[in-house]
There are 2 protein chains.
Amino acid sequence: MKTYSISEAAKELNLTAYTLRYYDKEGLLPFVERTPNGTRLFKAADIGALKIIECLKSTGMPIKEIKHFIDWCSEGDSTLQQRYDMFLERKATVEAQMEELKKTMELIEHKCQYYKTALEAGTEDIHKDDKIEIMS
Amino acid sequence: MKTYSISEAAKELNLTAYTLRYYDKEGLLPFVERTPNGTRLFKAADIGALKIIECLKSTGMPIKEIKHFIDWCSEGDSTLQQRYDMFLERKATVEAQMEELKKTMELIEHKCQYYKTALEAGTEDIHKDDKIEIMS
DNA sequence: GCTTGACCTCGAGTTAACTCTAAGGTTTAC
DNA sequence: GTAAACCTTAGAGTTAACTCGAGGTCAAGC
């Protein structure tokens with residue numbers, strides 16, 4: 001079974017060894033085992049778990065909340081409902097983020113258009129009396 | 001022409017007055033005028049500009065970079081190219097974020113499914129020997 | 001005229017998430 | 001057998017983006 005040193009794991013996950021140690025200190029990696037002399041040994045499954053952690057982080061979930069999830073995982077089947085609820089809530093969050101991002105994209109595309117025409121005209125004045133809409 | 005006090009502007013933008021003063025301190029609001037005694041007076045156009053600022057912020061752009069954009073706006077037509085380029089770059093960033101978010105969503109939906117079936121079975125063991133794929 | 005409340009500035013404090021340093025132990029390479 | 005390249009820990013430092021407190025100004029209402 002392949003294992004990874006902390007720096008190999010870091011490279012695999014696009015993180016630094018510092019960050020992994022920090023996660024461990026914050027209680028996110030109770031499953032990572034050690035060699036007799038204390039060196040962390042990451043298994044493939046640990047890398048997988050870290051990918052879930054990164055996924056949760058990318059939804060804006062703070063580390064302390066991710067720790068709750070990790071704790072639930074350690075507690076076993078009695079916490080299945082909590083974990084399910086958490087992912088449902090994350091799903092709603094991500095859906096909202098997608099909506100937001102779509103609106104952001106629209107505004108940015110509008111601005112690209114705005115500056116494209118201004119650039120062609122050599123001046124922003126070309127948009128001086130664009131409709132009095134929400135945003136020009 | 002309608003104007004807004006700092007707290008009205010804050011409410012309009014879902015920010016706090018503290019945050020607006022902080023933005024001002026960071027040079028993001030050079031266009032906001034003052035009454036003779038120093039009170040900020042936000043015009044409708046200022047609220048609009050702040051919405052652009054919030055839009056840029058939501059793409060993960062740091063305040064210092066947003067300031068560059070504000071500075072360019074003050075400098076006039078000679079900076080049209082920079083501003084256009086900036087929005088093109090933002091567009092690319094947002095496209096990448098959308099891709100990321102889609103992947104995140106897939107993983108989360110997978111996990112929702114995973115916990116739904118585990119919950120129905122009463123135990124996570126139901127997934128014990130799921131394929132040895134990337135992530136179960 | 002005096003209190004109340006909203007505004008102001010300046011500078012300090014907070015928080016999250018790293019990021020690094022110091023001091024030391026272990027393993028590998030020649 | 002020693003140097004390089006890892007690893008460990010505890011704890012300090014950094015950064016961004018707020019967030020707040022103290023002390024002051026000013027206009028409105030009683």
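Reminder, nothing fancy here: chain letters follow the sequence lines and each chain counts from 1.
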Between A:Glu54 and A:Tyr23: side-chain donor-acceptor atoms closer than 3.5 Å: yes
So if I take every side-chain heavy atom of B:Tyr18 and compare against C:dA16, D:dC6, D:dC20, which nucleotide ends up nearest? D:dC20
B:Thr19 side chain N/O closer than 4.0 Å to the phosphate oxygens (OP1, OP2) of D:dA17? no
Quick check on D:dC26: is either OP1 or OP2 less than 4.0 Å from any side-chain nitrogen or oxygen of B:Thr39? no
Distance in angstrom units between A:Lys25 NZ and C:dT19 P, rounded: 13 Å
Expressed as a whole number of angstroms, how long is the span from A:Glu65:CD to C:dA16:P? 11 Å
May I ask you to say what A:Arg40 touches in the nucleic acid, namely base, sugar-phosphate or nothing, with a heavy-atom cut-off under 4.0 Å? sugar-phosphate
Rounded off to whole Å, could you give me the CG-to-C1' distance for the B:Leu20 and C:dC7 pair? 13 Å
Round to the nearest Å and state the distance from A:Leu28 atom CG to C:dA16 atom P. 14 Å
Does A:Phe87 have its ring centroid less than 6.0 Å away from the ring centroid of B:Tyr114? no
Would you mind checking if A:Glu65 and A:Lys57 are paired as a salt bridge, meaning a charged N to carboxylate O distance below 4.0 Å? no
NA contact type, B:Ser5, heavy-atom cut-off 4.0 Å: base, sugar-phosphate, or nothing? sugar-phosphate
Before accepting this row, confirm whether a basic side-chain N of the pair A:Lys103/A:Glu99 lies closer than 4.0 Å to the acidic partner's carboxylate O. no
5'-most contact on DNA chain D (nearest-nucleotide basis), A:Ile6 vs B:Ile63, goes to A:Ile6
Output the rounded distance in Å from CG (A:Leu41) to P (C:dT27). 12 Å
Specify the separation, in whole Å, of atom NZ of A:Lys11 and atom P of D:dC7. 11 Å
With respect to the phosphate group of C:dT9, does any side-chain polar atom (N or O) of B:Arg34 fall under 4.0 Å of OP1 or OP2? yes
Between P on C:dT27 and CD on A:Glu8, what's the gap in Å once rounded to a whole number? 16 Å
Hey, does A:Lys57 reach any base, or is it just sugar-phosphate, or nothing, if we go heavy atoms under 4.0 Å? sugar-phosphate
A:Pro62 side-chain proximity, nearest of D:dT8, C:dC8, C:dA17: C:dA17
Are A:Glu124 and B:Arg83 close enough for a salt bridge, meaning some N to O gap below 4.0 Å? yes
Which residue lies toward the 5' end of DNA chain C, B:Gly38 or A:Asn37, if each is placed at its nearest nucleotide? B:Gly38
Distance, rounded to the nearest Å, where A:Tyr23 contributes OH and C:dA16 contributes P: 15 Å
OP1 or OP2 of D:dC20 under 4.0 Å from side-chain N/O of B:Tyr22: no
Just call it for B:Thr35: base, sugar-phosphate, or nothing, with non-hydrogen atoms closer than 4.0 Å on any strand. nothing
